[in-house]
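Report on the following structure.
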Protein chains: 2
Amino acid sequence: MTIKEVCKRFNVSPDTLRYYERVGVIPEVHRTAGGIRDYSDDDIKWVETATCFRSAGMPIELLIEYVKLFLEGDHTIQARCDLLKEAKERILAERKKFDDALEKMEYKIRVYEKAVETGRLEWDDESSCCCCNKPKE
Amino acid sequence: MTIKEVCKRFNVSPDTLRYYERVGVIPEVHRTAGGIRDYSDDDIKWVETATCFRSAGMPIELLIEYVKLFLEGDHTIQARCDLLKEAKERILAERKKFDDALEKMEYKIRVYEKAVETGRLEWDDESSCCCCNKPKE
DNA sequence: TATTGACTTGGAGTTAACTCCAAGGTGTAT
DNA sequence: ATACACCTTGGAGTTAACTCCAAGTCAATA
């Protein structure tokens, strides 16, 4: 599979894929005799994992570490497992922050929608919502 | 409340708070006669919202736009509501990516844990999991 | 009142993760 | 065989969001 096809499939740029390979986010990709990238099934799976983890905000350094351990062979299985568990905890913590923000947003949206309906903006004083401050004249 | 206290409460640096104010992520903060920042309750609520939305990955530009609309007054209520709804959709989309990554991670963790137990690494061929490629010798 | 430490500003520097570029090689359609 | 589009590399440039710095001001303490 050409770089172009892989890009289309995972919605990333060729520069990004070459960059990932260069810094070790994915292992070296299979080439044609002429030196042109020709992604194997395994290469594609690595791209899939890299783009999936990246779009969940995992730092590139972590992926590089994972690939490095993988290339070292089976004696790094425990280390890889630990790395993934830590990554999972990170993502769970991040997701919690998303949920907090969602809650705050939904509250604000409710208040604004009611204001559009009734013409009066009424913030619950107990809420720790910033929108209750009135613009200073 | 001093800048230091606000920093401690929201776990951000003084530079970050000053930066937020400078670029308009929060409105101008109340000052003492000497010109030193003395955060009011409302100021603090803005900081809370800013840090909450930022840690959910909302870009600063969006927060600046929200504050700008707020300062323009009540005729921007509909616009603010629309902005928040769009922000909410973004966060939902981001959270979906987190869930996808979590699922992939949990699968890999399960396989690695089994490998640690049994001594054999066995990836389900149907899964689109990159870890099934063997290191090239 | 002098020292000390925290605060102020505008502007420059840093970091992660790309993104672009120039100079040249590959491969396929005429 | 000659365009032509697309690929290669190493290295430089960009962007968002801080983060640091220098030079000066403020405020609490000895």
Side-chain angles (χ1 to χ4, degrees), chain A residues 1-40 43-44 46-47 49-68 87 90-91 94 97 101, chain B residues 1-40 43-44 46-47 49-68 87 90-91 94 97 101:
Chain A
M1 209 177 203
T2 68
I3 197 169
K4 194 158 228 189
E5 289 164 331
V6 179
C7 287
K8 199 174 171 192
R9 175 149 161 198
F10 295 105
N11 200 32
V12 290
S13 74
D15 270 320
T16 299
L17 285 187
R18 285 189 283 256
Y19 166 71
Y20 280 0
E21 190 177 345
R22 180 158 37 158
V23 301
V25 166
I26 58 174
E28 281 189 15
V29 166
H30 174 250
R31 308 296 176 109
T32 65
I36 287 183
R37 285 177 183 81
D38 177 29
Y39 290 78
S40 71
D43 293 333
I44 289 166
W46 278 108
V47 172
T49 300
T51 53
C52 174
F53 284 14
R54 276 297 301 132
S55 55
M58 284 295 98
I60 263 174
E61 272 310 319
L62 188 145
L63 297 182
I64 292 172
E65 180 63 16
Y66 182 74
V67 170
K68 193 178 136 281
R90 274 198 207 204
I91 293 199
E94 286 304 302
K97 292 183 196 164
Chain B
M1 210 180 204
T2 68
I3 196 168
K4 194 158 229 189
E5 289 163 332
V6 180
C7 287
K8 199 173 170 194
R9 175 149 162 198
F10 295 105
N11 200 33
V12 290
S13 74
D15 270 320
T16 299
L17 284 186
R18 285 189 283 256
Y19 166 71
Y20 280 179
E21 189 177 345
R22 180 158 37 157
V23 301
V25 166
I26 58 175
E28 281 191 15
V29 166
H30 175 251
R31 308 297 176 108
T32 65
I36 288 183
R37 287 177 182 79
D38 176 29
Y39 289 77
S40 72
D43 294 332
I44 289 166
W46 278 108
V47 172
T49 300
T51 53
C52 173
F53 284 15
R54 276 297 300 131
S55 55
M58 284 295 98
I60 263 174
E61 272 310 319
L62 189 144
L63 297 182
I64 292 171
E65 179 64 16
Y66 182 75
V67 170
K68 195 178 134 279
R90 273 199 209 203
I91 294 199
E94 286 305 303
K97 291 181 195 165

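Order of the sequence lines sets the chain letters (A, B, ...), proteins ahead of strands, with each chain counted from 1.
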Quick check on D:dA27: is either OP1 or OP2 less than 4.0 Å from any side-chain nitrogen or oxygen of B:Thr2?
no

Mapping B:Met58 and B:Thr32 to their closest nucleotides on DNA chain D, which lands nearer the 5' end?
B:Met58

Do B:Val47 and B:Arg9 make a side-chain contact, defined as non-hydrogen atoms from C-beta onward lying under 4.5 Å apart?
no

B:Glu21 or A:Pro59: which one's nearest nucleotide on DNA chain C is closer to the 5' end?
B:Glu21

Taking for each residue the nucleotide of DNA chain C with the nearest heavy atom, is it B:Arg22 or B:Ile3 whose nucleotide lies nearer the 5' end?
B:Ile3

Between A:Phe10 and A:Leu17, is any pair of side-chain heavy atoms under 4.5 Å apart?
no

Where does the chain A footprint on DNA chain C start and end, counting 5' to 3' with a 4.0 Å heavy-atom cut-off?
C:dA17 to C:dG27

Mind listing the closest non-hydrogen atom pair of A:Ala56 and B:Lys97 along with its distance?
CB-O, 4.1 Å

With a 4.5 Å cut-off on side-chain heavy atoms, are B:Tyr20 and B:Val12 touching?
no

Show me the donor-acceptor pairs, under 3.5 Å and distance only, between side chains in residues 1-8 of chain A and residues at least two apart or in other chains.
unit_1, atom_1, unit_2, atom_2, d
A:Thr2, OG1, A:Lys4, N, 3.4
A:Thr2, OG1, A:Glu5, N, 3.2
A:Thr2, OG1, A:Glu5, OE1, 3.4
A:Glu5, OE1, A:Thr2, N, 2.9

Near-strand residues of residues 5-18 of chain B, defined as heavy-atom separation under 4.0 angstrom from DNA chain D:
B:Asp15, B:Thr16

Walk me through it: do A:Leu62 and A:Arg90 pass the test side-chain contact (heavy atoms from CB on, under 4.5 Å)?
CA-CA 11 Å; A:Leu62 188 145; A:Arg90 274 198 207 204; 4.1 Å; yes

Verdict with reasoning, B:Arg18 to B:Glu21, per salt bridge (Lys or Arg N to Asp or Glu O under 4.0 Å):
CA-CA 5 Å; B:Arg18 285 189 283 256; B:Glu21 189 177 345; over 6 Å; no

Hey, which of these two, B:Gly35 or B:Glu61, hits DNA chain D nearer its 5' end, going by closest nucleotide?
B:Glu61

Which heavy-atom pair separates B:His30 from B:Asp43 by the least distance, and what is that distance?
N-OD2, 3.1 Å

